[in-house]
*Asks:* 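Shown below is the structure under consideration.
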Amino acid sequence: QVHLAESGGGLVQAGGSLRLSCAASGRTFSDYHMGWFRQAPGKEREAVSCINSRGTSTYSADSVKGRFTISRDNGKNTVFLQMNSLKPEDTAVYYCGATRYWPMSTRADQYDYWGQGTQVTVSS
């Protein structure tokens, strides 16, 4: 079992920045590939950024490329999402997920564990 807890969400004006954190506990964090997803009201959960277990490979959706950066610290069992130049369309609940066998997966159904989510609201 892996327990994930997101933090760092909030209300920010367009153009601003936020840094999300996802702290993991339970099984060996470095065994898991991690992903950040988001879900806006009435929409499906979509992949934002992913990182492999060692932190040597990342993926970012086209909609956030150049603005968001995913990273991880295996010594602190934490994955981060630095979000810059935020836009109103980035407004959503952001979730981190952990998958043992699917590095860089953008499919939510391939993730084994999820956090409770953190709300990000970007005002125009």
Side-chain angles (χ1 to χ4, degrees):
Q1 187 79 11
V2 175
H3 181 255
L4 302 173
E6 301 96 336
S7 61
L11 173 64
V12 64
Q13 288 188 334
S17 298
L18 285 173
R19 189 191 196 205
L20 305 185
S21 299
C22 173
S25 60
R27 294 190 176 179
T28 305
F29 179 66
S30 58
D31 285 345
Y32 288 84
H33 314 290
M34 301 297 294
W36 283 99
F37 286 68
R38 66 187 180 188
Q39 189 165 19
K43 295 189 176 181
E44 292 188 355
R45 192 170 295 192
E46 63 172 356
V48 175
S49 293
C50 309
I51 189 166
N52 68 347
S53 60
R54 295 184 179 182
T56 54
S57 248
T58 63
Y59 158 87
S60 288
D62 288 343
S63 58
V64 305
K65 203 166 289 183
R67 300 188 297 122
F68 291 11
T69 303
I70 189 171
S71 61
R72 66 189 294 162
D73 184 337
N74 284 349
K76 295 183 178 179
N77 292 353
T78 304
V79 62
F80 305 97
L81 185 67
Q82 178 67 44
M83 305 187 296
N84 299 328
S85 302
L86 282 159
K87 303 176 181 180
E89 51 264 43
D90 295 319
T91 295
V93 178
Y94 282 71
Y95 299 89
C96 69
T99 176
R100 184 74 188 271
Y101 301 113
W102 301 99
M104 239 68 68
S105 175
T106 59
R107 288 178 49 177
D109 64 350
Q110 291 181 336
Y111 283 75
D112 306 305
Y113 303 102
W114 292 97
Q116 81 288 349
T118 186
Q119 176 71 48
V120 171
T121 303
V122 185
S123 63
S124 57

*Asks:* Between R72 and N52 (side chain of the first, backbone of the second, donor and acceptor by atom type, cut-off under 3.5 Å), is there such a pair?
*Replies:* yes
*Asks:* Would a 4.5 Å heavy-atom cut-off, applied to side chains only, mark Y94 and E6 as touching?
*Replies:* no
*Asks:* I'd like to know if L20 and V12 are part of one continuous hydrophobic network [Ile/Leu/Val/Met/Phe/Trp/Tyr, side-chain heavy atoms within less than 4.5 Å].
*Replies:* yes
*Asks:* How long is the gap from CG on N77 to OG on S25, to the nearest 0.5 Å?
*Replies:* 8.0 Å
*Asks:* Is any side-chain heavy atom of Y101 closer than 4.5 Å to one of Q110?
*Replies:* no
*Asks:* Please round to the nearest 0.5 Å and tell me the distance separating atom NZ of K87 and atom OG of S85.
*Replies:* 8.0 Å
*Asks:* I'd like to check the disulfide bond (SG atoms under 2.5 Å apart) partners of C22; sequence neighbours left out, ordered by chain and number.
*Replies:* C96
*Asks:* May I ask you to test the R38-V64 pair for a side-chain heavy-atom distance under 4.5 Å?
*Replies:* yes
*Asks:* Same cluster or not: W36 versus Y113, using hydrophobic residues (I, L, V, M, F, W, Y) connected whenever any side-chain heavy atoms lie under 4.5 Å apart?
*Replies:* yes
*Asks:* With L18, which of D90, V120, V122, T121 fulfils side-chain contact (heavy atoms from CB on, under 4.5 Å)?
*Replies:* V120
*Asks:* When rounded to the nearest 0.5 angstrom, what is the spacing between OH in Y111 and CZ in F37?
*Replies:* 4.5 Å
*Asks:* First locate atom OG1 of T78, then atom CG of L4, and finally report the distance between them rounded to the nearest 0.5 Å.
*Replies:* 10.5 Å
*Asks:* What distance separates S7 OG from F80 CZ, expressed to the nearest 0.5 Å?
*Replies:* 9.0 Å
*Asks:* Is there a side-chain contact between T106 and E46 in this structure, where contact means two heavy atoms from C-beta onward sitting under 4.5 Å apart?
*Replies:* no
*Asks:* Distance from S49 atom OG to M34 atom CE, nearest 0.5 Å?
*Replies:* 12.5 Å
*Asks:* Among the clusters formed by ILVMFWY side chains lying less than 4.5 Å apart, do I51 and Y95 turn up in the same one?
*Replies:* no
